[in-house]
Asker: 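Pasting in a structure now, in structure tokens, and then I'll have a few things to ask.
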Amino acid sequence: MSIIAFPIRTPRYGGPVVTEAVAFDDDQETDVETVAARLVAGDETAVEEVYDRWSALVHTFALRALGDAHDAEDVTQQVFVAAWHSRHTLTPSPAALPAWLIGIARHKIADVRAARARDARKAEAALAVDGVGLAAEQSADHDVAERLVVRQVVQDLPDPRKTILFLAFWEEQSHAEIAEATGLPLGTVKSHVRRGLIHIQQQLEGVRRESR
Amino acid sequence: MSHAELDDLAGIALHDDDVPADVQAHIDSCQRCSEAVAAFVAARALAGAGPLVDAPAHVRDEVLAGLRGSRDTAAAEAPPAPIPLPVAPVVPLAATSTRRGVAPWLAGLAAAVALLAGLGIGRLTGGADPAPEAVDPTPETVVGVADLTALDSDAPRGVADAVEQGDTMTVRVSAEELGDDAGVHEVWLINVDGKRMVSIGLLPSGDKGQFEVPMDLIEKGYRIVDISIEPDDGDPAHSGVSLARGELA
């Protein structure tokens with residue numbers, strides 16, 4: 001008889017069972033893929049994790065696109081409830097979740113704009129939403145969404161890379177200034193900035209690929 | 001020469017001056033590498049967005065309430081599950097302690113059944129019984145089969161399968177060589193996400209049993225069959241000692 005003891009008297013039947021049953025690494029992308037898979041499988045607890053990780057991205061996107069706090073809150077709520085109901089359409093991959101959520105948000109934002117146009121009974125505005133105005137707004141939205149994705153990608157990086165990238169790309173500091181501020185060798189700072197930029201570009205590519 | 005390294009391409013995009021001259025020369029003459037540099041420049045230009053703004057806490061509550069609403073509706077429409085089974089990550093103590101209270105009684109029954117097994121009555125409670133199939137025309141579909149093995153070796157410990165028949169899902173366990181340590185054998189389904197598990201019942205005869213489970217449990221990823229040995233200590237949690245395990249596939 002073979003018995004393997006594992007400490008399971010934890011509040012959530014946590015980690016040790018995981019390591020016994022399935023091998024996981026701590027890789028962020030694997031986490032994202034796992035939570036996406038759980039969402040697709042109908043696990044409601046996955047919604048909470050997805051919400052906690054991406055609601056700020058969706059909310060900020062809606063806020064920028066609509067310029068109204070109340071509408072942005074409504075859109076955020078609708079996006080995550082819609083995400084739950086249409087979870088079967090999600091193909092789990094590392095970049096798919098944010099791309100998919102942003103795609104849903106685009107639709108909800110368009111709905112709000114259409115409703116605004118109707119409410120104002122402005123036939124011209126309604127026409128504009130269907131035509132040229134819509135294209136311009138969507139192009140602007142696309143840019144806003146990508147900028148917010150980059151912000152989140154950098155925020156999610158471990159330090160010191162996160163701090164170095166914020167200093168380099170947000171504060172526009174030179175590599176020498178960053179080396180001075182952080183006490184890291186110049187070569188290390190350069191390397192972090194390059195690797196960080198490569199990571200940003202790859203994440204953007206992933207989101208774009210999934211948005212098609 | 002070969003294409004430039006990503007590191008150098010990013011370096012060029014960042015106007016670093018320490019990219020070797022021959023690499024720079026290649027990039028200038030290579031469309032693919034030039035495009036890669038342009039993509040890095042574009043990505044760099046997208047940095048600078050202000051901080052993400054969290055939605056107010058009530059939005060989160062409304063989202064979760066929205067999900068619960070849809071689930072309650074679904075539950076009201078669906079037929080009642082054959083066996084009430086807590087599927088929450090944390091098994092409510094009150095719910096399971098009732099079940100636990102029955103355990104010694106079940107253990108007694110198990111012993112009685114074991115005695116009667118020689119008379120051929122054992123099959124009423126254990127193993128797959130072919131008789132109902134003969135009278136029930138509803139076809140059964142095996143949705144998953146698991147070879148059970150010990151955890152510290154690949155030593156075989158029997159088989160389990162999940163069978164769908166009409167609107168019932170049954171997990172059938174036929175274990176062997178679980179040893180004879182004191183305690184009852186409890187069957188669990190561990191989710192493949194490794195984070196959740198539910199108990200689906202006790203093996204009444206010690207090594208064979210079938211358990212009706214909610215239809216969507218397997219679909220939700222609860223596919224790893226685990227058999228534990230449980231002391232009579234009133235603790236509803238898994239004892240931490242698994243005798244056998246296998247994934248329904």
Side-chain angles (χ1 to χ4, degrees), chain A residues 1-9 11-14 17-22 24 34 37-38 41-45 47-48 51-52 55-60 63 72-73 76-77 80-81 84-85 143 146-148 150-152 154-155 165 169-170 175 190-191 193-195 197-198 200-201 204, chain B residues 6-7 10-11 13-14 16 18 39-40 43-44 46-56 58-60 62-64 66-68 70-71 89-90 150-153 155 177-181 190-197 216 219-221 224 229 235 237-243 245 247:
Chain A
M1 154 155 165
S2 51
I3 296 180
I4 289 200
F6 55 92
I8 196 159
R9 290 167 201 258
R12 280 189 49 124
Y13 301 108
V17 188
V18 180
T19 52
E20 290 280 355
V22 197
F24 281 116
T34 307
R38 284 170 43 212
D43 174 359
E44 285 176 28
T45 62
V47 181
E48 295 185 44
Y51 183 91
D52 290 340
S55 62
L57 177 68
V58 169
H59 177 248
T60 311
L63 202 55
E73 289 170 21
T76 305
Q77 185 201 339
F80 286 93
V81 173
W84 169 251
H85 288 300
D143 198 54
E146 290 209 329
R147 285 177 180 279
L148 296 175
V150 170
R151 172 89 194 193
Q152 171 132 37
V154 175
Q155 271 182 201
L165 284 179
F169 293 171
W170 272 258
H175 295 169
K190 278 189 179 180
S191 171
V193 176
R194 289 182 186 188
R195 300 277 162 77
L197 180 58
I198 292 168
I200 289 170
Q201 161 62 10
L204 276 172
Chain B
L6 277 181
D7 217 52
L14 291 163
D16 285 354
D18 57 356
F40 282 128
R44 164 68 183 85
L46 287 169
L52 301 180
V53 185
D54 282 324
H58 71 84
V59 178
R60 188 183 197 276
E62 286 159 13
V63 167
L64 299 181
L67 307 192
R68 276 193 290 275
S70 68
R71 183 188 54 197
V90 180
L151 268 69
D152 60 350
S153 69
E177 293 180 43
L178 293 179
D180 50 13
D181 280 10
I190 302 175
N191 197 290
V192 291
D193 69 17
K195 294 195 168 118
R196 297 166 294 158
M197 66 194 301
D216 58 352
E219 191 185 311
K220 279 181 176 169
I224 299 164
I229 184 162
D235 187 333
H238 193 295
S239 66
V241 183
S242 288
L243 305 181
R245 198 177 279 183
E247 180 171 357

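Each chain gets a letter, A, B and so on, in the order the sequences are listed, and its residues count up from 1. Just the heavy atoms: all of them, side chains too, but no hydrogens, waters or symmetry mates, feed the values below.
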Asker: Could you look at A/Leu148 and say if it's the side chain, the backbone, both or neither that has a heavy atom under 4.5 Å from chain B?
Answerer: both
Asker: State, with a plain yes or no, whether a side-chain heavy atom of A/Thr76 is found less than 4.5 Å away from one of B/Val63.
Answerer: no
Asker: What heavy-atom pair brings B/Asp7 and A/Arg195 nearest, and what distance separates the two atoms?
Answerer: OD1-NE, 3.2 Å
Asker: Measure from the side-chain N and O atoms of A/Trp84 to the backbone N and O of B/Leu64, and report whether any donor-acceptor pair falls under 3.5 Å.
Answerer: no
Asker: Considering only heavy atoms from C-beta outward, does the side chain of A/Gln201 approach that of B/Leu6 to under 4.5 Å?
Answerer: no
Asker: Are any non-hydrogen side-chain atoms of A/Gln155 and B/Leu52 less than 4.5 angstrom apart?
Answerer: yes
Asker: Given the options B/Glu62, B/Glu219, B/His58, B/Arg44, which has more heavy-atom pairs under 4.5 Å with chain A than any of the others?
Answerer: B/Arg44
Asker: Select, from B/Gly221, B/Ala43, B/Gly50, the one with the greatest count of heavy-atom pairs under 4.5 Å involving chain A.
Answerer: B/Gly50
Asker: If you count heavy-atom pairs under 4.5 Å with chain B, which of A/Asp43, A/Ile200, A/Val81 comes out on top?
Answerer: A/Asp43
Asker: Taking the side chain as everything from C-beta on, heavy atoms only, tell me whether B/Leu14 gets closer than 4.5 Å to A/Phe169.
Answerer: yes
Asker: Can you list the residues that meet the side-chain contact (heavy atoms from CB on, under 4.5 Å) rule with A/Ala41, with sequence neighbours excluded?
Answerer: none
Asker: Which answer fits A/Val193, side chain, backbone, both or neither, if we ask what part of it has an atom under 4.5 Å from a heavy atom of chain B?
Answerer: both
Asker: So do A/Ile198 and B/Phe40 actually touch side chain to side chain, heavy atoms under 4.5 Å?
Answerer: yes
Asker: Does any backbone or side-chain atom of A/Leu197 lie under 4.5 Å from a heavy atom of chain B? Answer side chain, backbone, both or neither.
Answerer: both
Asker: Can you list everything that forms a ring-ring contact (aromatic ring centres under 6.0 Å, His included) with A/Phe80? Sequence neighbours excluded, please.
Answerer: A/Tyr51
Asker: Go through B/Arg60 and A/Gln77 one step at a time and tell me if the side chain to side chain contact (heavy atoms under 4.5 Å, CB included) criterion holds.
Answerer: CA-CA 7 Å; B/Arg60 188 183 197 276; A/Gln77 185 201 339; over 6 Å; no
Asker: Can you tell me how far apart CG (B/Asp18) and NE2 (A/His175) are? Round to the nearest 0.5 Å.
Answerer: 9.5 Å
Asker: Sort A/Arg194 into side chain, backbone, both or neither according to what part of it lies under 4.5 angstrom from a heavy atom of chain B.
Answerer: both
